[in-house]
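Numbering starts at 1 and runs along the sequence shown. Quick caveat: nothing in here was measured; it's all calculated off a predicted structure.
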Amino acid sequence: MKPELGVCYYPEHWPEEVWAEDARRMKDTGLSWVRIGEFAWSRLEAREGVFTWEWLDQAVEVLSASGLKIVMGTPSATPPKWVVEKYPGMLAVDREGRPRKFGSRRHYCFSHLGYRREAARMAASMTKRYGRDPRVQAWQIDNEYGCHDTTISYSDAACAGFREWLAQKYQTVDALNHAWGNVFWSMEYAGFDEIDLPNLTVTEANPAHWLDFRRFTSDQVVAFNRAQIDAMRPHTDCPLIHNYMGRVTDFDHFKVGGDLEIASWDSYPTGFLERNLHEDDEEWRARFACQGDPDFQAFHHDLYRAVGKGRWWVMEQQPGPVNWAPYNPIPLDGMVKLWTMEAVAHGVEVVSYFRWRQVPFAQEQMHSGLLRSDRANAQAQIEVAALAEEIAELGEIQHSDAEVALVFDYESQWAWEIQPQGKDFDYFRLVFEQYRALRKLGLNVDILPKTCRDFGNYKLVLIPGLMTWNDELKSAVEAFDGIVLAGPRTGLKTIDMQIPSSLGSDFVDATVSRVGTIRSNMSIPIADGGEIIRYYEELEARNVIEHTRDGTAVMVREGGRVYLGAWIDQAGYLRVFNTFCKETGIKTLVLEEGVRRRTIEGKVLIVNYNDREVTVEGTVIPAAGYSWQ
């Protein structure tokens, strides 16, 4: 595979007389793809049924004449005002019961069937016109599902849809009352029409009620996406794509991805560092403020490769300072190249930069582009042009199978959000910290869904925080001859969000008698090194292989099955994971902070997120730079 570069472009923002020059400069920069159309509904259909295609026809002509391949976006993330006037109930409603008004974007509720039909109609109209046009070679559906906390809605449409979803699932209200345990606090219902959404209760709502609502909400995203797919498929054979976000876990990306050919995501390393990571570690944020977290991008590359069943893009790559984070520093020179090359080493097909030119108006005017607003080349354009030549010299990139895998499950995120037991217990962070430790050991990591039935040629598989065991994973574990390390908090609930009769018996002969959480300024030392942080379980077991200094069990092992009953720090993870890697024949290389390694067929990429040069096995890696070996 030869990776390609692209850019996001908005011809409707610029005079038509500059389009040809923009297209020529894109091609001269080394770009092959251009994404257009995903926010242009009001310019395409200013009034219902009255279409203005001519400007978009011309844009397609001008861009393709310069040799650019086009990704066309459906504009359902930005329905124009007339659509809202037609369907006033389509607006999403926040947890406090307030409608989220027109005047920005993503102002719709996934559950509103009228808007769902409208979005599908618009998608069909676009693909009828461009679906067989050879110049349009891929389609993006909508834009960034879940961005701006827009997955979960408490609208009347959501309430009606939820009641129908529950009726389909449980068939009888007695079955629902039993599954939810509604005898508690006299919460029993006499009919499905009595059930409300779980917000605005006096204190916490029933966790089973919440979990089913989160499942329903995720299913609405899947259904909304599928409605556009069903409308588009008769008119195009091009791959269909969605651009997911970083650390958005409100819906099951694997289920959405099951209907698409390619997964993509929008990579904003410095913005995500400021908004999504290390809220309790300002020193860490300051250290990597101009580079981004050394593992966040890689985690999502691996996640979306799994969601895309092996095919994935970066649809939006940060080119400079953004406008939406609490702080928006200028990335170090070289970081745009580093971020891109790291994606290349993870097997990306296309990296597309957001955006071509900085726009001088509206909400994103402070967001940088490859060009400045005065059309001069920005630093990112200089780096991308140089990078295009480097990528061409690399030739074919062959993915190298990992020896380690990590199971990630969206439903477990919802479960532990609903009932965290401790203020700072976060499923994503638990999984991410285990992933980080594996990366610090210089390892490639594959991410697997919980529906994985076979662990194949992996030697070590980690399953942290899985809410409940399912039949697929049980079968994979039973057939696997490597090491499976599960926990903490794996298998500690039933599918109905209740405590199972025997905790842990499906995996190892151990019982979790109690669980506890730890304040952020406290920890429990482990005898052989490392510390327990945030969360721990009291284990009743015989085959204990790790314990605290006072003799409390931490880890239990039976053959190739290992259960870890605590959230441990990086020092503990590095020691434990390195031990199992040695046992299974996995070669590791402990890397200093900010330095990471990615192996592909015949090559190794070393990246340096630090603002100083480092030396790795005799090779000097420049600050904010990389080296192929």
Side-chain angles (χ1 to χ4, degrees), residues 3-11 13 26 29 31-40 68-78 105-106 138-148 150 241-248 253 260 262-276 292 296-301 303-305 307-308 311-325 328 331 335-344 346 348-359 362-371 378 380-381 383-384 387:
E4 297 179 295
L5 304 178
V7 73
C8 305
Y9 188 56
Y10 301 91
H13 294 174
M26 290 175 194
T29 299
L31 306 180
S32 302
W33 288 86
V34 57
R35 182 189 71 170
I36 61 175
E38 81 275 12
F39 297 136
L68 295 164
K69 296 176 282 190
I70 292 171
V71 181
M72 186 72 78
T74 69
S76 50
T78 53
R105 66 178 189 178
R106 301 216 52 77
W139 288 82
Q140 176 187 298
I141 298 177
D142 203 272
N143 185 80
E144 297 178 344
Y145 291 146
C147 191
H148 318 304
T150 53
I241 311 171
H242 179 71
N243 58 326
Y244 305 95
M245 287 287 286
R247 201 176 180 176
V248 169
H253 295 38
L260 301 169
I262 300 173
S264 73
W265 80 289
D266 295 348
S267 175
Y268 292 93
T270 67
F272 289 144
L273 175 76
E274 290 291 347
R275 197 172 71 177
N276 292 335
F296 192 83
Q297 291 67 246
F299 178 88
H300 288 86
H301 296 339
L303 172 63
Y304 291 123
R305 187 175 64 252
V307 170
R311 298 193 65 188
W312 70 283
W313 294 14
V314 175
M315 191 64 80
E316 297 181 17
Q317 176 60 65
Q318 178 180 348
V322 298
N323 66 298
W324 45 263
N328 297 289
M335 286 309 302
V336 174
K337 288 182 65 179
L338 185 155
W339 296 328
T340 305
M341 195 61 84
E342 188 168 34
V344 167
H346 280 255
V348 76
E349 294 182 17
V350 176
V351 175
S352 173
Y353 301 92
F354 184 88
R355 51 191 294 149
W356 174 242
R357 184 186 303 120
Q358 185 174 355
V359 68
Q363 285 92 327
E364 292 180 347
Q365 60 186 273
M366 298 300 291
H367 194 297
S368 58
L370 295 186
L371 302 190
Q381 189 279 340
E383 293 188 25
V384 171
L387 183 66

Take Tyr268 and Leu273 through the test side-chain contact (heavy atoms from CB on, under 4.5 Å) and record every step on the way to the result.
CA-CA 9 Å; Tyr268 292 93; Leu273 175 76; over 6 Å; no

Would you sort out whether Thr340 and Tyr353 count as a side-chain contact (heavy atoms from CB on, under 4.5 Å), showing the intermediate values?
CA-CA 10 Å; Thr340 305; Tyr353 301 92; 2.8 Å; yes

Evaluate Leu5 against Val350 for side-chain contact (heavy atoms from CB on, under 4.5 Å), listing each step before the verdict.
CA-CA 5 Å; Leu5 304 178; Val350 176; over 6 Å; no

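Side-chain contact between Trp139 and Val71 is absent, with no heavy atoms from C-beta onward closer than 4.5 Å. At least one side-chain heavy atom of Met26 sits less than 4.5 Å from a side-chain heavy atom of Tyr9. Contact annotation: the side chain of Glu4 approaches that of Trp33 to within less than 4.5 Å [non-hydrogen atoms, C-beta and beyond]. With contacts defined as side-chain heavy-atom distances shorter than 4.5 Å, the pair Gln381/Thr29 qualifies. Counting only heavy atoms from C-beta outward, the side chains of Arg247 and Phe296 approach each other to under 4.5 Å. Side-chain atoms of Asn323 and Asn328, non-hydrogen and from C-beta on, never get closer than 4.5 Å to each other. Between Arg357 and His13, every side-chain heavy-atom pair lies at or beyond the 4.5 Å cut-off. With contacts defined as side-chain heavy-atom distances shorter than 4.5 Å, the pair Gln317/Pro269 qualifies.
Listed here is the closest heavy atom pair of Phe39 and Ala77: CE2-CB, 4.3 Å. Contact record, Gly292 with Thr270: N-CG2, 4.1 Å, taken as the closest heavy-atom pair. Of all the heavy atoms in Ala380 and Leu370, the pair that sits closest is CB-CD2, 3.6 Å. The nearest pair of heavy atoms linking Glu342 to Ala298 is OE2-CB, 4.2 Å. Residues Gly369 and Ala378 share a closest heavy-atom pair of O-CB, 3.5 Å. The shortest heavy-atom contact between Pro331 and Gly320 is CD-C, 3.6 Å.
The structure places CD of Gln297 at 8.5 Å from CZ of Phe272, a figure rounded to the nearest 0.5 Å. Between atom SG of residue Cys8 and atom CH2 of residue Trp356 there is a gap of 12.5 Å, rounded to the nearest 0.5 Å. Note: Met245 CE to Ser267 OG = 10.0 Å, rounded to the nearest 0.5 Å. Note that CZ of Arg311 is 11.5 Å distant from CG of Leu260, once rounded to the nearest 0.5 Å. Atom-to-atom distance recorded for Lys69:NZ and Leu31:CG is 11.5 Å, nearest 0.5 angstrom.
For the pair His253 (side chain) and Val248 (backbone), a donor-acceptor distance under 3.5 Å is present. Remark: side-chain polar atoms of Asn243 are not paired, donor with acceptor, to backbone N or O of Met315 under 3.5 angstrom. With hydrogens and angles disregarded, a donor-acceptor distance shorter than 3.5 Å links the side chain of Gln358 to the backbone of Gln365. When atom types are taken as modelled, the side chain of Arg305 and the backbone of Trp313 share no donor-acceptor pair closer than 3.5 angstrom. Using modelled atom types, no side-chain atom of Asp266 and backbone atom of Gly246 make a donor-acceptor pair closer than 3.5 Å. In terms of modelled atom types and a separation under 3.5 Å, the side chain of Gln140 and the main chain of Asp142 share a donor-acceptor contact. In terms of modelled atom types and a separation under 3.5 Å, the side chain of Thr150 and the main chain of Arg106 share no donor-acceptor contact.
His367 and Phe354 have their aromatic ring centers within a separation under 6.0 angstrom. Residues Tyr244 and Tyr145 place their aromatic rings such that the two centres sit no closer than 6.0 Å.
Side-chain contact annotation: Thr74 with Glu38, donor-acceptor N/O pair under 3.5 Å absent. Between the side chains of Ser352 and Glu316, no donor N or O sits under 3.5 Å from an acceptor N or O. Using a 3.5 Å distance cut-off with no hydrogens or angles, the side chains of Tyr10 and Arg35 do pair a donor with an acceptor.
Of the charged side-chain nitrogens involved, at least one lies within less than 4.0 Å of a carboxylate oxygen, so that Glu144 and Arg105 count as a salt-bridged pair. Residues Glu364 and Arg355 are paired through a salt bridge, judged by an N-O separation under 4.0 Å between the basic side chain and the carboxylate.
With sequence neighbours excluded, the residues that form a side chain to side chain contact (heavy atoms under 4.5 Å, CB included) with Ser368 are Pro319, Pro321. With sequence neighbours left out, the side chain to side chain contact (heavy atoms under 4.5 Å, CB included) criterion links Ala343 to His301, Trp312, Val314, Val348, Val351.
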